[in-house]
Colleague: 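Attaching a single structure in structure tokens format; questions to follow.
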Amino acid sequence: MTGRPQVDGDGIEPPPAGETQEKKASRVTAERYDEQIPHELLETLAPNGEGDYVLEKINAMSEEEAISILRQSLEFHTDDWNFPSDMRERMQKLLLGPKAYGEFYDRDLRVDAVMMRWSSPYPGVRAVASPVDEPDVPTETIRAYFLGIGWAVIGTFMSTFFNSRFPAIGLNGSVIQILLFPCAKGLERMLPDWGFSVRGRRHSLNPGPWTFKEQMFATITYNIAIYTTNSYGMILVQSSPVYYGLGFVTFGYQLMLTLFVQLMGMGFAGYLRRFSVYPVKALWPTILPTIAMNRALTKPEPRENINGWTISRYRFFFVSASAMFVYYWLPGYLFTAMSQFNWMTWIDPENITLAILGGSNLGLGLVNPVTTFDWNVATSSYAALAQPFFSTCTMYVGSILGGLIILAIYYSNQYNTAYLPINSSSAFANDGTPFVVQKVVVDNKLDLERYQRYSPPFYSAGYVLTVGANFAFYPVYFLYIMVNQWRTMSQAFVDFYHGLRHGRSNYEGAMDVHSRAMSRYEEVPDWWFILILVGAVVVSVVFVEIYPVDTPVWLVFLLIAINLVFAVPLSFLSATTGTNLGLGSLIQIITGYLLPNNPNAFLFGQTLGSWALAGYGDNYVQDQKMAHYCKIAPRAVFRSQIGTIVVTCFVAVGVQNFILHNVEGLCTADQPSRFTCAGDGAPLYASSLMWGLLGSDRMFGELYPLFKWCFLMGAGIAVVFLLGQGLGPKHLPAVRERLRLRLSPALFSLLDRTLFPLVGSLLWLNPVLVIQGIQHWAPSNLSYKTPGFLLSFVFMYWLPRHRLAWWAKYNYTLSAALTAGLAVSALVMFFAVGFHPRRLTWWGNTVSGAGVDGKQVGIYPIPARGYFGPEKGTFP
């Protein structure tokens, strides 16, 4: 599979060399392996009704062809983190021959070969993506555009409205379908069959029954709504009186910024798609629930018994979503202690050590095994029912390690952190109060005299760890991904060059069935994306020239260059692990060095460099992969997204203005509806003080000198893992055997139970995910991670191994249903009792914040002089 098998014009491979169609038909008739495949196995191989197709391919597969496919597949997927370990072991055993394998050798050999060539080796992909295309099914219809853009307007409102809430609430693609589908069925019944023809193709208001592809197309169109908040953080920090309170942030300023941020990201996606859409390893696990729910809504399914369950996916979705809609009123309003279930602190509410170890607000949540009964909190850190378990588990291990590091920093009072809350994303003055930037800024510049009279910004132990881990992350992920996945990356770069130089199709010679099926559709030319990118660059240059943002034009081109280098491995990591990462920390250091004492340039760099390019580009290619799995024409997706961007940018800016001017107490810690900005505004504001106002020289100098060493630490971690995982499998068995012969049985047994498994675990641990787990703290803590880890163990590890058929049919539908029910419930709840707050005061709603866990305090009292740290007048 490292090469490119030849395919014919229809994307179907020709029969093996020397075999005529008559011989192939005779062989199919003679060999019937489908009779050895029980119903439950077939359900896992073809969960979307393509059983006849799969059985036909199995019966038509020769032994020689199957062996060749398995050999190529094992070589190709050697470095694939998501490839099922049980399938890898079975394929290795099959290649040893029938005697070594045993019963069902002929059947299993062909089954695995067909999964590799004509379906997918990943159970999650098989569960939602049919290998059979229906090219004549209506897709890009008038009603699909109407519903997609209409719900995008509503979704933009929701995403922007709740963006300042922590944890945030939104209607993602899997959620919107339950709201979109009944609207579509209504249009199907009401609209007349009026239409017109263009180039021989008729476009009707009502081309017939609402289809799977229309539903998916409308959902992809809607997804743009989720991304139009990318510039909101910059606008919030610049305009809010809690932060900088700048007066030039007008409606026109917000609209121009929002438009070119979105369009530049989409233009950049043309570069990323060859690395994160077409490779078969780029499976994008987080999009699978959306496709699963799409099928549950639109595809009729036979009534069958799966592990005792006979309910259809659509009815299962409806029941689960309805139950969550009702249930969420408990943790969301009636009994909020269920959301922040810091029950351990209730034992001794004023015990600060207990609050630090087991708390959910002030504390770290380290020793609390049951931290929430709130689905929104439980899934806020991990896509627990979509993200591969190895990703979740590795990040959770990293989070525990991060918690221990935070404790070490805090209790040793490194960088004066013991005077502050242990895990906060806010910036503090040296008297322990929130840092007020207006006290040190004149005309958007740092006034050194005021600064020396007031205070430097200080940060919590949790935020210090988060920033340091962010810096260590970049050398780890760049070195590890580029070396570990070099074959895939290098091939993608070659394809990108040939695509620009020779116009070669992305699907040419593709090896997986989905790419072969997509080869019948016209691709989006690269120059379309380049044109959009150039246009967005021109608008961004005009923007920095006409508004007083103190940003030089060359910064735009520097940010593009940084993304050209780093965005590829970043995007591939997102595609294979389900994580969503950015370049924010790297860019903040660069802008802090090049443009110190300039918070506006820092904010511009963060918005354009870390979100517009790599961030939004990732979002676009994620949608393109969704279209890839569902066999939707790339040009149709391109057209829908361009139109939706323009519409939703106006909506986003309007909602931003409404929030900024109408939500009382916005971005304050005690805002009654949780509009505290803890997840967006506060961290960005804190970073702008550190790197934008003070600059990288001060931060790396006397304030936080440890940060500059984090890059070297990250590079060292990457080298250790690369060497260990490269040399370990070859040498560790021999070392273990020598130790067994030389050591006493008791000592060897002890090492066999302790040290050897630890060293062995390093052979599969992904250091990028470990670092990511370490860095995801302030304002989050383990209370937001433990429930997601437990859910992931059950639904992404245990169930696929013990109830695969049930998991394939219901898992992603359940994830989408619970999220849909919660989002609708939260929206109703906000406008019913939150917009004009109606407080429900009783023990169940006050106990979580009644003790010290509900306060922003440190373990050290402020010194008698009234402040901690350096003497005034001597600040760095």
Side-chain angles (χ1 to χ4, degrees), residues 33-59 82-91 103-104 107-116 118-132 174 212 283 285 287-320 383-390 513 629 791-818:
Y33 298 102
D34 58 329
E35 296 175 359
Q36 304 175 29
I37 298 178
H39 173 75
E40 187 168 336
L41 174 59
L42 182 61
E43 186 66 28
T44 65
L45 300 178
N48 295 296
E50 66 276 15
D52 291 341
Y53 166 88
V54 169
L55 293 176
E56 177 189 349
K57 299 300 180 184
I58 291 173
N59 287 323
N82 292 304
F83 197 84
S85 58
D86 57 340
M87 187 173 183
R88 188 192 307 275
E89 294 169 2
R90 185 173 62 248
M91 290 167 63
E103 190 180 9
F104 297 120
R107 181 198 70 179
D108 292 352
L109 179 70
R110 289 160 174 81
V111 165
D112 282 354
V114 167
M115 290 302 99
M116 297 305 307
W118 297 103
S119 184
S120 172
Y122 310 110
V125 175
R126 288 203 306 271
V128 301
S130 173
V132 182
S174 61
F212 170 87
L283 67 158
I287 70 175
L288 303 181
T290 300
I291 306 175
M293 214 241 319
N294 181 297
R295 291 193 176 278
L297 292 170
T298 60
K299 290 288 187 180
E301 52 187 303
R303 185 176 180 85
E304 53 193 349
N305 189 315
I306 298 180
N307 299 122
W309 291 61
T310 58
I311 188 172
S312 69
R313 278 187 286 196
Y314 175 68
R315 180 169 295 181
F316 179 66
F317 174 89
F318 180 78
V319 171
S320 301
L385 273 66
Q387 192 169 281
F389 178 70
F390 88 89
V513 67
Y629 282 145
L791 287 171
S792 181
F793 174 80
V794 173
F795 287 93
M796 298 303 293
Y797 180 82
W798 190 88
L799 279 174
R801 285 160 175 77
H802 298 278
R803 299 291 186 274
L804 181 57
W806 187 98
W807 180 87
K809 184 170 184 177
Y810 295 115
N811 178 74
Y812 295 131
T813 304
L814 176 65
S815 175
L818 297 182

Colleague: For the atom pair OH (Y122) and CG (L288), what is the distance rounded to the nearest 0.5 Å?
Modeller: 11.5 Å
Colleague: Working to the nearest 0.5 Å, report the span between OG of S130 and OH of Y53.
Modeller: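 Separation between the atoms: 8.0 Å.
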Colleague: Looking at side-chain heavy atoms only, is the closest gap between R315 and V319 below 4.5 Å?
Modeller: yes
Colleague: How close do L814 and S320 get, heavy atom to heavy atom, and via which atoms?
Modeller: CD1-OG, 3.9 Å
Colleague: What is the minimum heavy-atom distance between S815 and L385, and which atoms define it?
Modeller: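 In terms of heavy atoms, the two residues are closest at CB-CB, 3.6 Å.
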Colleague: Kindly indicate, with the supporting measurements, whether the criterion side chain to side chain contact (heavy atoms under 4.5 Å, CB included) is fulfilled by I58 and I37.
Modeller: CA-CA 10 Å; I58 291 173; I37 298 178; 3.6 Å; yes
Colleague: Test your reading of the model: is there a side-chain donor-acceptor pair from N811 to the backbone of M796, 3.5 Å cut-off?
Modeller: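 No.
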Colleague: Please find out if less than 6.0 Å separates the ring center of W807 from that of F795.
Modeller: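 Between W807 and F795, the centre distance exceeds or equals 6.0 Å.
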Colleague: Working to the nearest 0.5 Å, report the span between OH of Y629 and CD1 of I291.
Modeller: 7.0 Å
Colleague: Backbone N or O of T44 within a donor-acceptor pair of the R126 side chain at under 3.5 Å?
Modeller: yes
Colleague: Taking atom CG of D108 and atom CE of M115, what is their separation to the nearest 0.5 Å?
Modeller: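 Reported value, rounded in 0.5 Å steps: 11.5 Å.
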Colleague: Check side chain to side chain contact (heavy atoms under 4.5 Å, CB included) between R88 and all other residues, then give those that pass, not counting sequence neighbours.
Modeller: L74, F83, Q92
Colleague: Might you point out which heavy atoms bring A46 and V54 nearest each other, and give the distance in Å?
Modeller: CB-CG2, 4.0 Å
Colleague: Looking at F104, I'd like to know if the NZ or CZ of R107 sits under 6.0 Å from its six-membered ring centre while staying within 45 degrees of the ring's axis.
Modeller: yes
Colleague: Quick one, N82 with F390, criterion side chain to side chain contact (heavy atoms under 4.5 Å, CB included). Give me CA distance, side-chain angles, the key distance, then yes/no.
Modeller: CA-CA 8 Å; N82 292 304; F390 88 89; 3.2 Å; yes
Colleague: Taking all non-hydrogen atoms of both residues into account, name the closest pair between L45 and S119 and its distance.
Modeller: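 Scanning both residues, the minimum pair turns out to be O-OG, 4.3 Å.
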Colleague: Does F316 have more than 12 heavy atoms from other residues, nucleotides or ligands lying within 6.0 Å of its CZ?
Modeller: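 More than 12 heavy atoms, drawn from other residues, nucleotides or ligands, come within 6.0 Å of this atom.
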Colleague: Would you confirm whether E43, through its side chain, and L41, through its main-chain N or O, come within 3.5 Å as a donor-acceptor pair?
Modeller: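 Not at all, since once roles are kept as given, no pair shorter than 3.5 Å links the two residues.
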Colleague: Counting only heavy atoms not in Y797, do more than 12 fall under 6.0 Å of its OH?
Modeller: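 At most 12 heavy atoms, drawn from other residues, nucleotides or ligands, come within 6.0 Å of this atom.
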Colleague: When you measure from the side chain of Y810 to the backbone N and O of I311, does any donor-acceptor pair fall under 3.5 Å?
Modeller: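 Yes; at least one donor-acceptor contact below 3.5 Å.
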Colleague: Within a reach of under 6.0 Å around CG of N307, are more than 12 heavy atoms found that belong to other residues, nucleotides or ligands?
Modeller: yes
Colleague: Would a 4.5 Å heavy-atom cut-off, applied to side chains only, mark N294 and F212 as touching?
Modeller: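 Contact flag for N294/F212 side chains = yes.
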Colleague: So how far is it from K57 NZ to E50 CD, rounded to the nearest 0.5 Å?
Modeller: 12.5 Å
Colleague: Less than 4.5 Å apart, any side-chain heavy atom of M87 and any of M116?
Modeller: yes
Colleague: The criterion is side chain to side chain donor-acceptor pair (under 3.5 Å); which residues satisfy it with R90, sequence neighbours excluded?
Modeller: D112
Colleague: Taking the side chain as C-beta and beyond, is there a heavy-atom pair between W118 and P131 under 4.5 Å?
Modeller: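 With C-beta onward as the side chain, the pair stays apart.
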Colleague: Within the 4.5 Å heavy-atom criterion, are P285 and Q387 side-chain neighbours or not?
Modeller: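 When only atoms from C-beta onward are counted, Q387 and P285 do not touch, as no gap falls below 4.5 Å.
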